[in-house]
Amino acid sequence: MLDINFIRDNREIVKKGMINKGEKNADAVDAVLEKDEEWRNLVTKVGNLRAESNNRAKQIGQLMGQGKKDEAEKIINETGRTKETIKSLEKSLEAIQKERDDLLYQIPNVPDESVPVGHTEEDNVVFSTWGEPNEEEWRLPHWELAADKKWIDFDRGSKVAGAGFPFYVGHMARLQRALINYFLNEAIENGYTEIQTPYFVNEASARGTGQIPDKEDMMYTVPRDGFFAIPTAEVPVTNFHRDEIFEMDNLPVYYTAYTPCWRREAGSYGADVRGLNRLHQFDKVELVKFVHPDHSDSELESLREYAESLLQKLKLPYRTLLMCTGDMGFTQTKKYDLEVWSPGQKKWLEVSSCSNFASFQARRMQLRFRNEKGKTEIMHTLNGSGLALPRVVAAILETYQTEAGDLEVPEVLVPYMGTEKV
RNA sequence: GGAGAGAUGGCUGAGUGGUCGAAAGCGCUCCCCUGCUAAGGGAGUAUACUUCAAAAGGGUAUCGAGGGUUCGAAUCCCUCUCUCUCCGCCA
């Protein structure tokens, strides 16, 4: 959510950002300012009325204290309509505030100036590439190798839970665990604090990071208890500090968390969901940063560089995309996607997404810090995957398979796998 | 799941209808005093919104959350959430 004052002062910039992101109703910007005007007028009015009635109540209190009951009665009788007037104005105030906020929630974050303007994924810019994409014809897609070796059991997963909930068996289970440990250890060495989070969150938390009202359908729910299965660790980790005020010297704060992630992925189909490409449950190590507003730009670059370093150490060729305005999402000011090369499928697979939310999430969650003047100020948040497992596993299976049908273990994972080849 | 107790500012904790946004203590900040350390004295110290060009200063709201009673609610009533104790169940 944007600051209403920012919108007031930057009406055209906000509108332009909205159009560039492909949002249709840029009129919401004018509408929200109008509503806000209305709201502020009414707030003043209600405030004055309440001040009046508070004054009267105080007088009555004084008179009662002095035993002047008659005079007090007099004033009580005078109060008459004020109370009802206040009540009805409060009702409209509430209604107007809701209308204003509903509009405010429809206004996306403003893209950073460095973000290319565009409408589709075609307009994303290749920011950098690393390694040589392998084009050898004999390489099998990961699902074929995994089926041969009985490493990933999609059929039994379907039987036991449903499509998109595979079993990982034997070496694959261990590979998953190896990756999780490796990613966590790397993050810790790079200054992130590991945390373990709840896998279910309440509605307030889902709202805090913007899953509600925007992306409600992506989450699995537990209606009986009012829970949402987390679609990413971003939700519990960012909400960890919801409604808190940091001392400035304590920023930045970095967290890393491994969690399973659950996503309904309604509407996906075809090659997209083949094998490990898209699952309903998958594992991910997430990175979250809470930072001073002056530093979020550079923090995004260091976040991206860190995520890239993981792929480099795994020796998996990848490319980094700078997402265009139309493909970056509602809440971000700037976003990089890391795509690993899948030699069995001959295509790029997204394994990380590093985003700067600036104050957008933090404002909604009232994440603040005390600045040098001692005033509270909204901080900035960022997050990125470091990394999402299934497609990394896919890339490893396809990149490290030998023509003889074995799988070599990436060097950095050998200590975790206990073997160089499986 | 059953029974009971509770939730007040950064912390401890007082306050059971009337100048209470809230005593006192601790902590923290600034100043004074004091030739180390320690101690002492004074002032200040919540958040959000709003008014204002801005600062200063006003105003409103907030004592777990929401609703109600009342001229007036931290205080009374209702609902919910959370914490603690006991019983039950249990990885």
Side-chain angles (χ1 to χ4, degrees), chain A residues 1-10 32-105 196 198-208 212 222-228 236 239-251 253 260 359 361-379:
Chain A
M1 146 192 192
L2 285 175
D3 181 1
I4 188 79
N5 296 311
F6 176 84
I7 300 178
R8 197 180 309 136
D9 297 339
N10 301 278
V32 79
L33 289 176
E34 232 168 82
K35 270 295 159 206
D36 184 54
E37 186 77 33
E38 200 181 328
W39 178 81
R40 278 183 297 137
N41 286 337
L42 200 53
V43 151
T44 311
K45 204 166 161 188
V46 171
N48 288 340
L49 281 174
R50 279 204 274 231
E52 227 176 83
S53 101
N54 283 347
N55 261 329
R56 255 199 301 265
K58 263 182 197 171
Q59 274 179 42
I60 294 166
Q62 272 173 14
L63 291 171
M64 293 293 230
Q66 295 162 11
K68 299 178 181 167
K69 241 188 171 164
D70 294 348
E71 287 181 47
E73 287 290 337
K74 225 180 193 172
I75 300 178
I76 290 175
N77 291 332
E78 279 172 20
T79 54
R81 293 221 105 73
T82 324
K83 213 180 123 184
E84 286 154 45
T85 314
I86 291 176
K87 260 201 177 151
S88 83
L89 285 182
E90 274 174 345
K91 278 227 169 89
S92 18
L93 191 64
E94 205 177 313
I96 290 168
Q97 186 173 352
K98 189 177 180 303
E99 286 173 48
R100 183 198 67 182
D101 289 347
D102 285 348
L103 286 164
L104 199 52
Y105 282 130
Q196 293 198 344
Y199 296 161
F200 296 93
V201 296
N202 59 26
E203 187 182 326
S205 298
R207 233 168 242 295
I212 299 178
V222 186
R224 183 168 167 175
D225 298 293
F227 292 145
F228 298 83
N239 275 283
F240 186 59
H241 288 301
R242 168 152 53 90
D243 293 324
E244 291 183 21
I245 301 173
F246 283 53
E247 292 307 320
M248 193 172 74
D249 294 345
N250 294 335
L251 293 177
V253 174
S359 61
Q361 276 188 334
R363 183 166 298 105
R364 195 182 290 206
M365 276 190 268
Q366 287 298 299
L367 272 164
R368 290 157 294 169
F369 69 98
R370 223 174 282 286
N371 65 21
E372 48 286 296
K373 287 180 188 159
K375 285 204 164 175
T376 57
E377 199 178 320
I378 305 285
M379 64 174 82

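Chain identifiers are assigned alphabetically (A, B, ...) following the order of the sequence lines, protein sequences preceding nucleic acid strands; residue numbering begins at 1 within each chain. On a predicted model such as this, the values are computed, not experimentally measured, just so you know.
- Protein atom CD of A:Glu90 is 14 Å distant from nucleotide atom C1' of B:rC49, rounded to whole Å.
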Please assess A:Glu71 against A:Lys74 for the test salt bridge (charged side-chain N to carboxylate O under 4.0 Å, His left out), listing each intermediate value before the final yes or no. CA-CA 5 Å; A:Glu71 287 181 47; A:Lys74 225 180 193 172; over 6 Å; no

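- Taking CD of A:Glu377 as the start and CG of A:Asn371 as the end, the distance is 5.0 Å to the nearest 0.5 Å.
- Taking CZ of A:Arg100 as the reference point, atom OH of A:Tyr105 lies at 10.0 Å (rounded to 0.5 Å).
- Of the side-chain N and O atoms in A:Asn54, none sit less than 4.0 angstrom from OP1 or OP2 of B:rG72.
- Within the 4.0 Å cut-off from OP1 or OP2 of B:rU51, at least one side-chain nitrogen or oxygen of A:Arg40 is found.
- You'll find that the side chain of A:Ala51 is closest to B:rU60, out of B:rU60, B:rU47, B:rC71.
- The separation of B:rC32 from B:rA39, taken at their C1' atoms, amounts to 14 Å, rounded to a whole angstrom.
- B:rC30 and B:rU47 are spaced 23 Å apart, taking the C1' atom of each and rounding to whole Å.
- When each of B:rU50, B:rA55, B:rU47 is scored by its nearest atom to the side-chain atoms of A:Arg368, the top-ranked nucleotide is B:rU47.
- Taking the P atom of each, B:rG9 and B:rA74 are spaced 14 Å apart, rounded to whole Å.
- Not one N or O on the side chain of A:Asp101 forms a donor-acceptor pair closer than 3.5 Å with the backbone of A:Leu104.
- To the nearest angstrom, P of B:rU47 lies 20 Å from CE of A:Met365.
- Between A:Arg50 atom CZ and B:rU62 atom C1' the separation is 11 Å, expressed in whole Å.
- Atom-to-atom distance recorded for A:Leu93:CG and A:Lys87:NZ is 15.0 Å, nearest 0.5 angstrom.
- In this structure, the nucleotide among B:rU50, B:rG18, B:rU47 sitting nearest to the side chain of A:Ile245 is B:rU47.
- Map A:Asp36 and A:Gln62 each onto its nearest nucleotide of RNA chain B; the residue landing nearer the 5' end is A:Gln62.
- Rounded to whole Å, the separation between the P atoms of B:rU62 and B:rG40 comes to 39 Å.
- Proximity of A:Arg370 to the phosphate of B:rC28: no side-chain N or O atom is located under 4.0 Å from OP1 or OP2.
- On the P atoms, B:rC82 is 23 Å away from B:rG88, given to the nearest whole Å.
- In this structure, A:Leu93 places its CG atom 19 Å from P of B:rA48, rounding to the nearest Å.
- One interatomic measurement links the two molecules: NZ of A:Lys69 to C1' of B:rC71, which rounds to 14 Å at whole-angstrom precision.
- Per the geometry, CD belonging to A:Gln366 stands 20 Å off P belonging to B:rA61, to the nearest Å.
- Look at the C1' atom in both B:rA73 and B:rU16: the space between them is 11 Å, to the nearest Å.
- Rounded to a whole angstrom, the distance from the C1' atom of B:rU12 to that of B:rA22 is 16 Å.
- Side-chain contact check for A:Phe200 versus A:Asp225: every heavy-atom pair is 4.5 Å or farther apart.
- For B:rG67, neither phosphate oxygen OP1 nor OP2 lies less than 4.0 angstrom from any side-chain nitrogen or oxygen of A:Lys87.
- Here the shortest heavy-atom pairing between A:Val201 and A:Ala206 reads CG2-N, 4.4 Å.
- The separation between A:Asn250 atom CG and B:rG10 atom P is 16 Å, rounded to whole Å.
- Rounded to the nearest Å, the gap between the P atom of B:rU45 and that of B:rA56 is 13 Å.
- In this structure, A:Gly61 reaches the bases: a heavy-atom distance under 4.0 Å links it to at least one base atom across the strands shown.
- The CG atom of A:Leu49 sits 21 Å away from the P atom of B:rG58 (whole-angstrom rounding).
- Figure legend. B:rA14 is base-paired to no nucleotide; pairs are counted as Watson-Crick or G-U wobble with both atom distances under 3.5 Å.
- Side-chain nitrogen and oxygen atoms of A:Thr376 include at least one within less than 4.0 Å of the OP1 or OP2 phosphate oxygen of B:rA48.
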